[in-house]
Amino acid sequence: MAKAYLVPGREKRVLHGHPWVFRSDIQRVEGAFTPGDVVDVVAARGRFLGRAMYNPASQIALRLFTTHDEPVDEAFIRKRVHRAVAYRRLFADLRSCRVVFAESDGLPALVADSFGDVVVIQSLALGMERWKDTVVDALMEELSPRGVWERSDVKVRELEGMEQTQGLLHGSVPDEVEMTENGLRFLVDVKRGQKTGYFLDQKENRAAIAPFVRGARVLDCFTHTGAFALHAAHYGASEVTAVDISDLACRQAARNAERNGLSIALEEANAFDLLRARYDAREQYDAIILDPPAFTKTRAAAEAALRGYKEINLRAMKLLRDGGFLITCSCSHHVSPQAFADMLVSAASDARVTLRQMEARTQGRDHPILPASPETQYLKCHILQVWR
């Protein structure tokens, strides 16, 4: 087995539990290897640190599987899949759940989402690609789904030297799958929808809004397929308006509303423009939900992203009645929790309101966080009361 020696001092992150080693942190690699192989990771003086998949073409050159001297083989991968599913059996509906969350489950760059009787996977690193068949077999054994579909149609694969791909891996998969979340039924477009078809990471946050929307006039911006809006209606909101710039998303949200026998008003509009227009029209709401897509994919654009977040949050604060609730989210992992919180304070100051925090939340428990790896915590969800 080849050995990757780290630059002196760069072993500290690994010893503290971070599962990544960047290409610039590697001093040399000794021994024969093929990109994607499992190699030993060692400190500059030869101390064993762990075993990782190695791809010299990737900026994240080493992704650790284990810090123990143990074989990374088919049995190892199966054991990791079993451990991931067993954890979720403690609390989750396994037919509406992320069953594998990459590094947080010791399966680097691998995501698996369960929707009804279908599992959708993403394989985003060359080293994990080699174990894809084993992963599928293990998921079939654990969950017995009707079929497994791959959604590895993301650009990050190209950075690993792989082509984007999607398609059937096992069984049969319809174009749409019905899934139940918090008692509501949703159609999931597993083949053409964003990411794996549906954003499961907000499941617990959507349930958490119940006390703050009952009897309320609610505005849900960036509604996508209507998940937050339909939860608000389900939890007793008196009026719900859901906004998205995508006609396809609005039509899907309408179908989901009909499926649940719920009434929401849908508007196809740019949320930035709509928030400004509603303020100019002197509208007021009891609760506003902001769940936009990521405003940045790079660290360099984080400041610009924060300006975008500030604009929509400031406008939402101005639209809320005294005592109203703001449910505001960010899934940009390059925007830290502290930076997002600081932005909210700045927006409140400019809007001349006082914020009272009800909850500061993150992604659901099926998307567990590694404290040693800040990258595994990406979702911010604040529930705030606005005082004038």
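Residue indices begin at 1 and follow the sequence shown.
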Student: Is it the case that atom CZ in R388 sees more than 12 heavy atoms from other parts of the structure closer than 6.0 Å?
Tutor: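 Yes, CZ of R388 has more than 12 neighbouring heavy atoms, counting only those of other groups under 6.0 Å.
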Student: Under 3.5 Å, is there a donor-acceptor pair between the side chain of T376 and the main chain of L370?
Tutor: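 Between the backbone of L370 and the side chain of T376 there is a qualifying donor-acceptor contact (under 3.5 Å).
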Student: With the side chain counted from C-beta on, respond yes when N260 and H234 share a heavy-atom pair under 4.5 Å apart, and no when they do not.
Tutor: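 They are not in contact (no side-chain heavy atoms under 4.5 Å apart), so the answer is no.
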Student: Test salt bridge (Lys or Arg N to Asp or Glu O under 4.0 Å) on R276 and D280 and set out the steps.
Tutor: CA-CA 6 Å; R276 187 182 303 114; D280 291 342; over 6 Å; no
Student: Could you give the distance from SG (C97) to CE (M179), rounded to the nearest 0.5 Å?
Tutor: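 If I round to the nearest 0.5 Å, the distance is 10.5 Å.
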Student: May I ask you to check whether Y285 and T241 show a side-chain donor-acceptor distance below 3.5 Å?
Tutor: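 No, no side-chain donor-acceptor pair sits under 3.5 Å.
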Student: Show your working on side chain to side chain contact (heavy atoms under 4.5 Å, CB included) between D137 and R78 and close with a plain yes or no.
Tutor: CA-CA 8 Å; D137 288 346; R78 284 180 172 274; 3.4 Å; yes
Student: I'd like to check T180 versus S96 (side-chain heavy atoms, cut-off strictly below 4.5 Å). Are they in contact?
Tutor: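 They are not in side-chain contact.
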Student: Measure from the side-chain N and O atoms of D153 to the backbone N and O of Q164, and report whether any donor-acceptor pair falls under 3.5 Å.
Tutor: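 Checking the backbone N and O of Q164 against the side chain of D153, no donor-acceptor pair under 3.5 Å is found.
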Student: To the nearest 0.5 Å, what is the distance between CD1 on I312 and CG on L274?
Tutor: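 With rounding to 0.5 Å, CD1 (I312) is 12.0 Å from CG (L274).
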Student: For E311 and R307, run salt bridge (Lys or Arg N to Asp or Glu O under 4.0 Å): C-alpha distance rounded to whole Å, both residues' side-chain angles, the deciding distance at 0.1 Å, then the answer.
Tutor: CA-CA 6 Å; E311 180 179 345; R307 289 194 293 272; over 6 Å; no
Student: Are R255 and E176 packed together at the side-chain level, in the sense that at least one heavy-atom pair is separated by less than 4.5 angstrom?
Tutor: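 The answer is yes; the side chains approach within 4.5 Å.
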Student: Under 4.5 Å between side-chain heavy atoms, hopping through other hydrophobics if needed: is there a path connecting Y235 to L384?
Tutor: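 No.
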Student: Is it true that, when you exclude E30 itself, more than 12 heavy atoms of the residues, nucleotides or ligands shown sit nearer than 6.0 Å to its CD?
Tutor: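 Buried by this count: over 12 neighbours within 6.0 Å.
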Student: Side chains of K132 and I121, heavy atoms from C-beta outward: is any pair under 4.5 Å?
Tutor: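 K132 vs I121: side chains touch.
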Student: Under a single-linkage definition using a 4.5 Å side-chain heavy-atom cutoff for Ile, Leu, Val, Met, Phe, Trp and Tyr, are V243 and I327 assigned to the same hydrophobic cluster?
Tutor: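 Different clusters: V243 never reaches I327 through Ile, Leu, Val, Met, Phe, Trp or Tyr contacts under 4.5 Å.
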Student: Walk me through whether V335 and F295 qualify under side chain to side chain contact (heavy atoms under 4.5 Å, CB included).
Tutor: CA-CA 9 Å; V335 173; F295 282 174; over 6 Å; no
Student: Can you confirm whether the side chains of D105 and Y87 place a donor and an acceptor under 3.5 Å from each other?
Tutor: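 Per modelled atom types, D105 and Y87 side chains form no pair under 3.5 Å.
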Student: Any chance the side chains of N182 and H231 put a donor and an acceptor closer than 3.5 Å?
Tutor: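 Short answer, yes.
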Student: Is a donor on one side and an acceptor on the other found under 3.5 Å between the side chain of R88 and the backbone of D366?
Tutor: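 Yes, because the side chain of R88 sits within donor-acceptor range (under 3.5 Å) of the backbone of D366.
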Student: Quick one: does Q284's side chain have a donor or acceptor within less than 3.5 Å of a partner on D322's backbone?
Tutor: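 A pair under 3.5 Å: no.
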Student: Looking at E258 and N256, would you say the former's side chain and the latter's main chain have a donor-acceptor pair under 3.5 Å?
Tutor: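 Checked: no pair found.
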Student: Got a sec: does the NZ of K191 have more than 12 other heavy atoms crowding it under 6.0 Å?
Tutor: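 Enclosed.
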Student: Kindly indicate, with the supporting measurements, whether the criterion salt bridge (Lys or Arg N to Asp or Glu O under 4.0 Å) is fulfilled by R130 and D37.
Tutor: CA-CA 9 Å; R130 297 186 174 187; D37 279 356; 2.4 Å; yes
Student: Output yes when a side-chain donor or acceptor of S332 lies under 3.5 Å from a complementary backbone atom of H334, and no otherwise.
Tutor: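 Answer holds: no.
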Student: Should V177 and W149 count as side-chain neighbours, where that means a heavy-atom distance under 4.5 Å?
Tutor: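 No - every pair of side-chain heavy atoms lies 4.5 Å or more apart.
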Student: So, does S114 use its side chain to make a donor-acceptor pair with the main chain of V99 at under 3.5 Å?
Tutor: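 Judged by distance alone, no pair lies under 3.5 Å.
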Student: Between the side chains of E142 and H82, is a donor N or O closer than 3.5 angstrom to an acceptor N or O?
Tutor: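 The answer is yes; a qualifying pair exists.
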Student: Supply the atom-to-atom distance H18 NE2 to R13 CZ, rounded to the nearest 0.5 angstrom.
Tutor: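 Reported to 0.5 Å precision, the distance equals 4.0 Å.
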Student: So E178 and F186, side chain to side chain contact (heavy atoms under 4.5 Å, CB included) or not? Walk me through it.
Tutor: CA-CA 6 Å; E178 183 174 286; F186 291 93; over 6 Å; no
Student: Quiz question: by atom type and distance under 3.5 Å, do the side chains of T165 and E163 form a donor-acceptor pair?
Tutor: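 No, no side-chain donor-acceptor pair sits under 3.5 Å.
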Student: Distance alone, cut at 3.5 Å: any donor-acceptor contact between the side chains of Q202 and D291?
Tutor: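 Yes, because at least one side-chain N or O of Q202 sits under 3.5 Å from a partner of the opposite role on D291.
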Student: For V111, does its backbone N or O pair with a side-chain atom of R98 as donor and acceptor, under 3.5 Å?
Tutor: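 It does not hold such a pair.
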Student: Going hydrophobic residue to hydrophobic residue with side-chain gaps under 4.5 angstrom, can you get from V213 over to L320?
Tutor: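 Unlinked, V213 and L320 end up in two clusters.
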Student: Please indicate whether D133 has more than 12 foreign heavy atoms, meaning atoms of other residues, nucleotides or ligands, lying under 6.0 Å from its CG.
Tutor: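 For D133, atom CG is not crowded (no more than 12 foreign heavy atoms under 6.0 Å).
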Student: So K310 and D350, do their side chains get closer than 4.5 Å, heavy atoms only?
Tutor: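 Result yes, sub-4.5 Å side-chain heavy-atom pair found.
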Student: Looking at CZ of R192 and CD of Q166, how far apart are the two atoms once the value is rounded to the nearest 0.5 Å?
Tutor: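 Going from CZ on R192 over to CD on Q166, the span is 10.0 Å.
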Student: Can you spot which of T67, V21, V42, L6 makes a side chain to side chain contact (heavy atoms under 4.5 Å, CB included) with L49?
Tutor: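 The residue from T67, V21, V42, L6 that satisfies side chain to side chain contact (heavy atoms under 4.5 Å, CB included) with L49 turns out to be L6.
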Student: Is there a path of hydrophobic side-chain contacts, each under 4.5 Å between heavy atoms, that joins L355 and I209?
Tutor: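 Different clusters: L355 never reaches I209 through Ile, Leu, Val, Met, Phe, Trp or Tyr contacts under 4.5 Å.
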Student: Roughly how far, to the nearest 0.5 Å, is the CG atom of D286 from the CD atom of E239?
Tutor: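 With rounding to 0.5 Å, CD (E239) is 9.0 Å from CG (D286).
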Student: When you compare the side chain of V41 with that of Y54, does any pair of heavy atoms fall below 4.5 Å?
Tutor: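 No, too far: nothing below the 4.5 Å cut-off.
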Student: When you compare the side chain of Q27 with that of P8, does any pair of heavy atoms fall below 4.5 Å?
Tutor: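 A side-chain contact exists here, since the closest heavy-atom pair is under 4.5 Å.
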Student: Which is it for F228 and V218 under the side chain to side chain contact (heavy atoms under 4.5 Å, CB included) test, yes or no, and what are the steps along the way?
Tutor: CA-CA 10 Å; F228 266 112; V218 177; over 6 Å; no
Student: Should the pair E181-K203 be classified as a salt bridge under the 4.0 Å nitrogen-to-oxygen rule?
Tutor: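 No, E181 and K203 are not salt-bridged.
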Student: Is there a chain of hydrophobic side chains (I, L, V, M, F, W, Y, each step under 4.5 Å between heavy atoms) that links L306 to F272?
Tutor: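 They do share one cluster, since a chain of ILVMFWY contacts under 4.5 Å joins L306 to F272.
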Student: If you round to the nearest 0.5 Å, how far is CG of D244 from OG1 of T225?
Tutor: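 Going from OG1 on T225 over to CG on D244, the span is 9.0 Å.
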Student: Could you tell me whether the side chain of R51 and the main chain of E70 form a donor-acceptor pair under 3.5 Å?
Tutor: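 Answer holds: yes.
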Student: Do other residues, nucleotides or ligands put more than 12 heavy atoms under 6.0 Å from the CZ atom of R89?
Tutor: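 For R89, atom CZ is crowded (more than 12 foreign heavy atoms under 6.0 Å).
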Student: In this structure, which one of T354, I288, L344 forms a side chain to side chain contact (heavy atoms under 4.5 Å, CB included) with M317?
Tutor: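 The side chain to side chain contact (heavy atoms under 4.5 Å, CB included) with M317 is passed solely by L344 among T354, I288, L344.
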Student: Counting neighbours of OH on Y279 that are heavy atoms of other residues, nucleotides or ligands and sit closer than 6.0 Å, is the number greater than 12?
Tutor: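 At most 12 heavy atoms, drawn from other residues, nucleotides or ligands, come within 6.0 Å of this atom.
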Student: Just say parallel, tilted or perpendicular for the rings of F212 and F325, cut-offs at 30° and 60°.
Tutor: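 Judged by the thresholds at 30° and 60°, the geometry between F212 and F325 is tilted.
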Student: Looking at R45, I want to see if its CZ is surrounded by more than 12 non-hydrogen atoms of other residues, nucleotides or ligands under 6.0 Å.
Tutor: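 No.
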